[in-house]
Protein chains: 2
Amino acid sequence: MSNDFARSGEWSRAELLARVVTESQRHYAEYSVFNQAMADHVGLHPTDMQCVALLDLEPGPVSTGDIARLTGLTSGSATRLVDRLVKAGIVERRADPHDRRRSLVTLAPSARTRIAQAWETPGQAFGAVLASYSDAELSVIADYLHRTAEVGRAQARRLASGETGA
Amino acid sequence: MSNDFARSGEWSRAELLARVVTESQRHYAEYSVFNQAMADHVGLHPTDMQCVALLDLEPGPVSTGDIARLTGLTSGSATRLVDRLVKAGIVERRADPHDRRRSLVTLAPSARTRIAQAWETPGQAFGAVLASYSDAELSVIADYLHRTAEVGRAQARRLASGETGA
DNA sequence: CACATTTACTGCGCTACGCAGATAAATCTG
DNA sequence: CAGATTTATCTGCGTAGCGCAGTAAATGTG
């Protein structure tokens with residue numbers, strides 16, 4: 001263990017829970033600023049950046065509708081988003097051979113390297129933090145990220161469905 | 001430990017590190033959608049929501065300039081942001097007695113309860129995840145959130161300063 | 001083969017945002 | 001203390017992302 005925050009014996013359970021909540025709030029605030037800075041640096045809008053990240057995560061092509069769902073945008077806005085990325089040479093759009101209504105979007109190879117370059121320095125900095133944790137601790141962190149993401153998705157669905165009904 | 005991801009012996013160190021990176025990317029994507037859904041639910045824009053979260057985090061009043069820095073907006077946009085929140089009755093703006101150039105922004109009590117209500121159900125859902133961790137694990141999570149937030153802020157500053165020079 | 005559904009795209013209006021300049025208050029300088 | 005400089009916020013203006021609603025084409029269904 002590598003720092004002051006790890007001396008769990010000094011906090012009560014309730015204090016620990018409250019601290020995670022507070023830290024996550026600050027974390028998201030800082031993340032937003034960082035994400036925006038990265039987007040500016042690459043010359044894209046934060047939403048476009050998010051879309052690129054999604055495409056970078058998926059090995060295969062993604063449809064415009066998938067992008068709309070994954071970003072929370074409407075189908076029209078997703079179309080415009082892909083328009084921008086195509087125009088900027090970041091992605092390629094072609095019709096799905098099996099369903100010609102759908103248009104499949106793939107990240108251009110040049111964009112992949114561009115993103116990788118932009119992540120070089122930040123990636124090292126974040127990597128240095130991760131390097132300080134043991135395997136077991138990394139496992140806990142990955143588990144936390146995964147499960148809270150699932151809860152976030154579920155809650156977003158709940159809010160979206162209750163939106164019209166309320 | 002409470003799930004499949006905790007069997008750290010089954011992954012190599014490199015795989016664990018890669019998994020944390022992947023999970024965090026998906027995590028942020030889901031967070032964005034959730035945050036947007038929450039903003040829609042309370043009738044605010046995501047940026048406004050972020051500002052309210054910042055104000056909710058701080059006990060004392062925050063200046064417009066602080067909001068600009070903490071959100072990454074320009075001073076003009078921050079002014080407009082506060083305008084919207086004042087008009088919506090979410091915050092109150094008054095001049096700083098000690099420095100009458102500055103305007104201090106405080107969260108209105110009614111807004112605080114409104115936010116608390118909106119967070120009730122999601123808070124329980126996220127709380128259920130946290131409840132499954134031991135004190136030591138919660139400590140690791142809080143530490144991770146804290147340190148990555150710091151790195152994010154530092155990297156954002158680096159990108160912002162290098163922006164004009166490059 | 002007619003009809004409903006799905007998927008993506010387009011016209012339109014709204015508004016958040018950055019930029020640049022203005023204003024006013026505080027601070028520095030001689 | 002007068003004038004210059006710096007700091008903090010606000011305002012006019014143009015750009016552009018976004019949602020909404022309607023359209024067109026491809027697919028599924030009886």
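Everything numeric here is computed off the predicted structure, so don't read it as measured data. Proteins get letters first, then strands, A, B, ... in listed order; numbering begins at 1 in each.
- Per the geometry, CG belonging to B/D99 stands 12 Å off C1' belonging to D/dT6, to the nearest Å.
- Other residues, nucleotides and ligands place no more than 12 heavy atoms under 6.0 Å from the CD atom of A/Q124.
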Footprint string (nucleotides 17-25 of chain D, 5' to 3'): B base within contact, S backbone only, - free, heavy atoms under 4.0 Å: SSB-----B
Test side chain to side chain donor-acceptor pair (under 3.5 Å) applied to B/T79 and B/T64, step by step: CA-CA 7 Å; B/T79 296; B/T64 302; 5.5 Å; no
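- Rounding to the nearest 0.5 angstrom, the gap separating the CG atom in B/D66 from the CG atom in B/L55 is 10.0 Å.
- Remark: A/R147 is positioned above the aromatic ring of B/Y133, its terminal NZ or CZ atom under 6.0 angstrom from the ring centre and at most 45 degrees off the axis.
- Ring geometry for A/Y28 against B/Y28 counts as perpendicular: the plane angle is over 60°, on a 0 to 90° scale with 30° as the lower cut.
- Nucleic acid contact for B/R69: none, since no nucleic acid atom lies under 4.0 Å from a heavy atom of the residue.
- Under 3.5 Å, the side chains of B/Q155 and B/R158 contain a donor-acceptor pair of N or O atoms.
- The only member of B/V52, B/L54, B/L85 that meets side chain to side chain contact (heavy atoms under 4.5 Å, CB included) when paired with B/L107 is B/V52.
- For DNA chain C, the residues of residues 59-67 of chain A within the heavy-atom distance limit of 4.0 Å (strictly under) are A/S63, A/T64, A/G65, sorted by number.
- Reading DNA chain C from its 5' end, the first and the last nucleotide to sit under 4.0 Å from a heavy atom of chain A are C/dT6 to C/dC12.
- Ionic pairing of A/D83 and A/R93 is present here: one or more N-O contacts between side-chain nitrogen and carboxylate oxygen are shorter than 4.0 angstrom.
- Atom P of nucleotide D/dT27 and atom NE2 of A/H98 are separated by 11 Å, given to the nearest angstrom.
- Looking at A/R114 and A/E120, no side-chain N of the basic residue comes within less than 4.0 Å of a carboxylate O on the acidic one, giving no salt bridge.
- Shown are B/V91, B/L81, B/V105; of these, the side chain to side chain contact (heavy atoms under 4.5 Å, CB included) with B/V86 is made only by B/V91.
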